[in-house]
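Everything below concerns the one structure shown next.
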Amino acid sequence: QVQLVESGGGLVQAGGSLRLSCAASGTIFRIAVMGWYRQAPGKQRELVATVTSGGIPNYADSVKGRFTISRDNTKNTVYLQMNILKPEDTAVYYCNADLKVTIIRPYENYWGQGTQVTVSS
């Protein structure tokens, strides 16, 4: 069984910072892309940032210059450093990963349970 477990959410004032972590555990052969998505109340889930196994990041325009995604392949962990937070960043943040559990299985997509980030004005 593969699990993605997020941590690091919370309440912060506008202009502040938070760091999210997501660790993948279980039987894992290889992880390709890892990333973060978010869903605000009444809105669709949207991409925040992704990072390849080689460390190449991709960001939503709304977070460029404020958020930084990184990963530690030795720990199967992805991080999201969020700076200069705005009230509109308030959402549940979900970790996502494309991974193979064995060498012969195809890549499959997994989600974490989500962590709440609330930014007060």
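For reference, positions follow the sequence shown, starting with 1.
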- [ ] Go through the steps to decide whether Tyr93 and Met82 satisfy the test side-chain contact (heavy atoms from CB on, under 4.5 Å), and finish with yes or no.
- [x] CA-CA 12 Å; Tyr93 284 68; Met82 304 185 293; 3.9 Å; yes
Open item on the list: I'd like to check the ring pair (Phe, Tyr, Trp, His ring centres under 6.0 Å) partners of Tyr79; sequence neighbours left out, ordered by chain and number.
Closed with: none
Open item on the list: Just to verify, what does Asp98 make a salt bridge (charged side-chain N to carboxylate O under 4.0 Å, His left out) with, not counting sequence neighbours?
Closed with: none
Open item on the list: Taking side-chain hydrogen bond (donor to acceptor under 3.5 Å, both in side chains) as the definition, give me every residue that meets it alongside Gln116, ordered by chain and number, with sequence neighbours left out.
Closed with: Thr118
- [ ] Just do the side-chain contact (heavy atoms from CB on, under 4.5 Å) check on Phe29 and Val101 with the steps written out, would you?
- [x] CA-CA 5 Å; Phe29 173 72; Val101 296; 6.0 Å; no
Open item on the list: Taking disulfide (SG to SG under 2.5 Å) as the cut-off, I'd like each qualifying pair that reaches into residues 2-121, sequence neighbours left out, listed once.
Closed with: Cys22-Cys95
- [ ] Please step through side-chain contact (heavy atoms from CB on, under 4.5 Å) for the pair Arg71 and Ser53, ending with a clear verdict.
- [x] CA-CA 8 Å; Arg71 63 190 278 178; Ser53 58; 4.1 Å; yes
Open item on the list: Quick check on the hydrophobic clustering: are Tyr59 and Val51 connected, directly or via other members, by side-chain heavy-atom contacts under 4.5 Å?
Closed with: yes
Task: Ile69 backbone acceptor or donor facing Gln81 side chain under 3.5 Å - done: no
TODO: Keeping the roles fixed (side chain from Thr77, backbone from Asp72), state whether a donor-acceptor pair exists under 3.5 Å.
DONE: no
Task: Sequence-distant partners of Thr102, side-chain hydrogen bond (donor to acceptor under 3.5 Å, both in side chains), two or more places apart - done: none
Task: Cluster overlap Tyr94 with Met34, hydrophobic side-chain contacts below 4.5 Å - done: no
Open item on the list: Using modelled atom types and a 3.5 Å cut-off, is there a donor and acceptor pairing between side-chain atoms of Arg66 and backbone atoms of Ile84?
Closed with: yes
Open item on the list: Measuring from atom CG of Leu99 to atom CG of Asn109, what distance do you get when rounded to the nearest 0.5 angstrom?
Closed with: 8.5 Å
Task: Side-chain donor/acceptor of Asp89 to backbone N/O of Val117, under 3.5 Å - done: no
Open item on the list: I need the full list of salt bridge (Lys or Arg N to Asp or Glu O under 4.0 Å) pairs touching residues 44-53, with sequence neighbours left out, sorted by first then second residue.
Closed with: Arg38-Glu46
Task: Pairwise ring-ring contact (aromatic ring centres under 6.0 Å, His included) hits with a residue in residues 99-121, at least two apart - done: Tyr37-Trp111
TODO: Run the numbers on Asn76 and Ile28 for side-chain contact (heavy atoms from CB on, under 4.5 Å), then give the verdict.
DONE: CA-CA 9 Å; Asn76 289 337; Ile28 298 171; 4.0 Å; yes
- [ ] Please check if the side chain of Glu6 supplies one atom and the backbone of Gly114 the other of a donor-acceptor pair under 3.5 Å.
- [x] yes
Open item on the list: Can you list, by chain and residue number, the hydrophobic cluster partners of Val5 when the side-chain cut-off is 4.5 Å?
Closed with: none
TODO: Answer yes if Val78 and Leu47 sit in the same cluster of Ile, Leu, Val, Met, Phe, Trp and Tyr residues linked by side chain heavy atoms under 4.5 Å apart, and no otherwise.
DONE: no
Task: Atom of Pro87, atom of Ser121 and distance for their closest heavy-atom approach - done: CG-CB, 3.8 Å
Taking distance alone, no hydrogens or angles, what donor-acceptor pairs closer than 3.5 Å link side-chain atoms of residues 11-20 to residues at least two apart or in another chain?
{"residue": "Ser17", "atom": "OG", "partner": "Asn83", "partner atom": "OD1", "Å": "2.9"}

TODO: Would you please name every residue forming a salt bridge (charged side-chain N to carboxylate O under 4.0 Å, His left out) with Glu108, sequence neighbours left out?
DONE: Arg105
Open item on the list: Listing request: all disulfide (SG to SG under 2.5 Å) pairs with a residue in residues 51-88, at least two apart in sequence or in separate chains.
Closed with: none
Open item on the list: Less than 4.5 Å apart, side chain to side chain, heavy atoms only: is that true for Leu80 and Val48?
Closed with: yes
- [ ] Could you tell me which residues satisfy salt bridge (charged side-chain N to carboxylate O under 4.0 Å, His left out) with Lys64, sequence neighbours excluded, listed by chain and number?
- [x] Asp61
